[in-house]
Asks: 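Submitted below is the structure of interest, expressed as structure tokens.
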Amino acid sequence: MKVAIIGHLKHPIAKPFSGGLEAFTFDYVAALRDRGHDVTLFASGDSDHELGLSSVVDVATVRDSISRLGHIDHDWIEAVEDEAYGALMDRLAMEHFDVIHNHSLSPIPLRFASCQPCPVITTLHVPPLPRMTQEVRRRGAGSCGIFVNISQANAKSWSPELGQQRIIYNGVNENFWMQHQASKENRAIWFGRILADKGTHLAIEAAHEAGMPIDVVGPISDQVYFDNEVSPRLSSEDVYHGHQDHEVLSKLIGRASVSVVTPCWDEPFGLVVTESLASGTPVAGFRRGALPEIVRQSVGRLADPGDTEDLARCINECRALDGGVCRRYVQEKFGFDRMVVAYEELYSRIELPRPLMRHSSIDGATAA
């Protein structure tokens with residue numbers, strides 16, 4: 001099939017990835033191309049050109065904002081992205097794709113979904129963002145295309161706005177994350193973008209309460225938070241490794257005894273969980289968002305949100321869990337090929353004449 005993938009514009013779709021959505025988009029486009037589909041990725045010009053890239057903006061908007069203004073200006077970013085996505089949707093209306101698959105965080109593709117000559121699918125990687133929900137209410141969900149959600153928890157949060165959503169869990173490239181199966185060391189690991197919503201400081205506290213040093217890996221998204229809450233908590237045995245590519249990261253995860261996941265908001269999914277499990281590393285995390293759907297007793301433990309003492313207990317209990325069980329669990333439930341096949345099946349099922357598709361729901365779609 002000829003597939004248009006709309007990426008988000010805040011960060012480049014390129015290694016080293018700024019976060020999970022960039023990694024997901026990169027792997028998904030690569031997988032579709034490997035399976036013989038004709039895929040064009042519409043993203044920022046500093047994304048990876050080997051993905052069949054067509055630039056929407058020259059530079060990712062967060063990077064461009066810092067370069068031009070010296071700081072992240074969300075209003076400026078919003079205005080730039082609205083104009084860029086509007087021009088893209090005009091362009092797509094004149095082109096010939098079998099399906100448009102939207103992974104952006106913008107309301108603009110929803111606004112112009114009904115103007116496209118082919119079906120538009122939006123995967124909801126985020127909770128209900130105000131501008132997106134306003135667009136759905138203004139247009140009506142049926143005029144905004146077809147919606148896929150990445151967890152039951154996130155679908156529930158969107159259910160007041162959307163009558164029907166199909167659930168397709170995010171897949172993890174298990175073959176990549178399984179390649180480094182090192183001997184376990186008495187260390188914990190936390191990885192991801194470093195900002196208050198991710199609770200990095202709570203992971204450090206819980207690891208120390210469990211008597212374990214911790215490796216922290218990831219880009220600093222909030223320097224003030226890092227300087228005030230993260231850096232002062234790091235002991236001489238802890239290591240902040242900075243922003244690493246996935247090769248280095250997979251080795252660090254593979255050697256850790258436990259991966260600590262500390263969301264301070266309701267994460268829609270949490271690729272850090274499946275990446276850890278695929279590396280053979282059990283997960284100790286907070287019981288919120290999608291984590292209760294992903295983390296079973298055989299592969300991890302969940303603590304009360306924000307409770308570092310309870311999380312320390314989980315960290316200690318995870319030491320006894322089997323890494324082989326973690327890897328097999330991910331293969332069975334969150335394998336990347338399983339996810340790609342589910343999307344291919346969805347693509348094939350919506351090959352209907354456009355006027356009919358507008359007034360029809362997908363047979364068998366999961367009502368959230």
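Just so you know, these numbers use all the heavy atoms, side chains as well, and skip hydrogens, waters and symmetry mates.
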Asks: Compute whether any side-chain donor of one residue and acceptor of the other, for K2 and T40, lie under 3.5 angstrom apart.
Replies: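 Judged by distance alone, the side chains do not pair up.
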Asks: What is the distance from atom CZ of R328 to atom CG of D322, rounded to the nearest 0.5 Å?
Replies: 6.0 Å
Asks: Is a side-chain N or O of T281 found less than 3.5 angstrom from the main chain of L277, in a donor-acceptor match?
Replies: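 It does not hold such a pair.
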Asks: Can you find a pair of side-chain heavy atoms, one from R288 and one from P263, that are under 4.5 Å apart?
Replies: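 In short, these two side chains touch, coming nearer than 4.5 Å.
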Asks: Do you know the tightest heavy-atom contact between A188 and A207?
Replies: CB-CB, 4.3 Å
Asks: Keeping the roles fixed (side chain from W158, backbone from V126), state whether a donor-acceptor pair exists under 3.5 Å.
Replies: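 Side chain of W158 to backbone of V126, a donor-acceptor pair under 3.5 Å: yes, one is there.
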Asks: Consider only side-chain N and O atoms of D64 and T61, and report whether a donor and an acceptor are under 3.5 Å apart.
Replies: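 On atom types as modelled, these side chains do not qualify, holding no pair under 3.5 Å.
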Asks: Looking at side-chain heavy atoms only, is the closest gap between T274 and Y169 below 4.5 Å?
Replies: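 Heavy-atom side-chain distance check fails, nothing below 4.5 Å.
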Asks: Give me the ring orientation class for Y225 and H201: parallel if the planes are under 30° apart, tilted from 30 to 60°, perpendicular past 60°.
Replies: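 Rings of Y225 and H201: perpendicular, over 60°.
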Asks: Measuring from K10:NZ to H74:NE2, what's the distance to the nearest 0.5 Å?
Replies: 9.0 Å
Asks: Might you work through the side chain to side chain contact (heavy atoms under 4.5 Å, CB included) test for T123 and Y343, ending with a clear yes or no?
Replies: CA-CA 10 Å; T123 295; Y343 276 119; 3.0 Å; yes
Asks: Do you know which two heavy atoms are closest between S106 and L110, and how far apart they sit?
Replies: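 It is O-CG, 4.3 Å.
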Asks: Salt bridge (Lys or Arg N to Asp or Glu O under 4.0 Å), that's the test. Do R233 and E229 meet it? Break it down for me.
Replies: CA-CA 7 Å; R233 287 177 166 84; E229 302 295 340; 2.8 Å; yes
Asks: Show the nearest heavy-atom pair for residues V258 and C318, with the distance to one decimal.
Replies: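 Taking V258 first and C318 second, the nearest heavy atoms are CG2-CB, 3.7 Å.
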Asks: Take atom CG in D245; do more than 12 heavy atoms of anything else shown fall under 6.0 Å from it?
Replies: yes
Asks: Is there side-chain contact between L88 and F112, with heavy atoms separated by less than 4.5 Å?
Replies: no
Asks: Backbone N or O of E161 within a donor-acceptor pair of the R137 side chain at under 3.5 Å?
Replies: no
Asks: Is there a side-chain contact between L32 and M1 (heavy atoms, below 4.5 Å)?
Replies: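 The answer is no, as the side chains (C-beta and beyond) never meet within the 4.5 Å cut-off.
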Asks: Which is it for E185 and M212 under the side chain to side chain contact (heavy atoms under 4.5 Å, CB included) test, yes or no, and what are the steps along the way?
Replies: CA-CA 10 Å; E185 299 180 15; M212 188 179 290; over 6 Å; no
Asks: Do you reckon V260 sits in the same ILVMFWY cluster as L249, going by side-chain contacts under 4.5 Å, direct or chained?
Replies: no
Asks: Should F17 and I220 be regarded as members of a common hydrophobic cluster, given that ILVMFWY residues are connected when their side-chain heavy atoms come within less than 4.5 Å of each other, either directly or indirectly?
Replies: no
Asks: Within the 4.5 Å heavy-atom criterion, are W190 and K198 side-chain neighbours or not?
Replies: yes
Asks: Quick check for you: to the nearest 0.5 Å, what is the distance between D48 atom CG and T25 atom OG1?
Replies: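 It is 12.5 Å, given to the nearest 0.5 Å.
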Asks: Should we count CD of E309 as having more than 12 external heavy atoms under 6.0 Å?
Replies: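 Not buried by this count: 12 neighbours or fewer within 6.0 Å.
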Asks: Treat each ILVMFWY residue as a node, draw an edge where side-chain heavy atoms are under 4.5 Å apart, and state whether L252 and M178 are in one component.
Replies: no
Asks: Return yes if a side-chain donor-acceptor contact under 3.5 Å exists between E275 and H246, otherwise no.
Replies: no
Asks: Measure the spacing between CG of D215 and CD of E237 and express it to the nearest 0.5 Å.
Replies: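 D215 CG to E237 CD: 11.0 Å, rounded to 0.5 Å.
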Asks: Parallel under 30°, tilted from 30 to 60°, perpendicular over 60°: which one fits the rings of F334 and F269?
Replies: perpendicular
Asks: Set out, in order, the CA-CA distance, both residues' side-chain angles and the distance that settles side chain to side chain donor-acceptor pair (under 3.5 Å) for N316 and R301, then state yes or no.
Replies: CA-CA 10 Å; N316 281 320; R301 295 289 187 274; over 6 Å; no
Asks: To the nearest 0.5 Å, how far apart are OG1 in T122 and NE2 in H103?
Replies: 9.0 Å
Asks: Within a 6.0 Å radius of atom CD on E50, are there more than 12 heavy atoms belonging to other residues, nucleotides or ligands?
Replies: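 For E50, atom CD is not crowded (no more than 12 foreign heavy atoms under 6.0 Å).
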Asks: Salt bridge (Lys or Arg N to Asp or Glu O under 4.0 Å) between E174 and R327: does it pass, once the steps are laid out?
Replies: CA-CA 8 Å; E174 68 271 30; R327 287 188 286 267; over 6 Å; no
Asks: Donor-acceptor pair, distance only, cut-off 3.5 Å: does the side chain of S47 make one with the backbone of I13?
Replies: yes
Asks: Is there a path of hydrophobic side-chain contacts, each under 4.5 Å between heavy atoms of I, L, V, M, F, W or Y residues, that connects V273 with F24?
Replies: yes
Asks: How many angstroms lie between CD in E81 and OG in S44, if you round to the nearest 0.5 Å?
Replies: 10.0 Å
Asks: State, with a plain yes or no, whether a side-chain heavy atom of I121 is found less than 4.5 Å away from one of V148.
Replies: yes
Asks: Distance-only, no hydrogens or angles: does the S151 side chain make a donor-acceptor pair with backbone N or O of P268 under 3.5 Å?
Replies: yes
Asks: Testing the basics here: between I72 and S65, what is the closest heavy-atom pair and its distance to 0.1 Å?
Replies: CA-OG, 3.5 Å
Asks: Quick check: are there more than 12 heavy atoms from other residues, nucleotides or ligands sitting under 6.0 Å from CZ of R35?
Replies: yes
Asks: Verify the cluster assignment for V59 and L41: are they in a single hydrophobic cluster under the rule of side-chain heavy atoms below 4.5 Å apart?
Replies: no
Asks: Looking only at heavy atoms, which two atoms of P127 and N154 are closest? And how far apart?
Replies: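 Closest approach of P127 to N154: CA-OD1, 3.4 Å.
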Asks: Can you establish whether the number of heavy atoms outside H71 located under 6.0 Å from its atom NE2 is more than 12?
Replies: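 Check passes, neighbour count above 12.
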Asks: Between H208 and D238, does any side-chain donor sit less than 3.5 Å from a side-chain acceptor?
Replies: yes
Asks: Quick one: does Y28's side chain get under 4.5 Å of H101's, heavy atoms only?
Replies: yes
Asks: Centroid separation under 6.0 Å, is that true for the rings of Y240 and F226?
Replies: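 Under 6.0 Å, so yes.
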Asks: With heavy-atom distances below 4.5 Å as the criterion, would you say the side chains of H8 and H125 are in contact?
Replies: no
Asks: Looking only at heavy atoms, what is the nearest atom pair of I350 and P119, with distance?
Replies: O-CG, 3.3 Å
Asks: Which is it for D82 and R131 under the salt bridge (Lys or Arg N to Asp or Glu O under 4.0 Å) test, yes or no, and what are the steps along the way?
Replies: CA-CA 11 Å; D82 283 359; R131 297 182 74 229; 2.5 Å; yes
Asks: Determine, stepwise, if the pair R91 / E95 fulfils salt bridge (Lys or Arg N to Asp or Glu O under 4.0 Å).
Replies: CA-CA 7 Å; R91 174 182 167 189; E95 299 195 17; 3.0 Å; yes
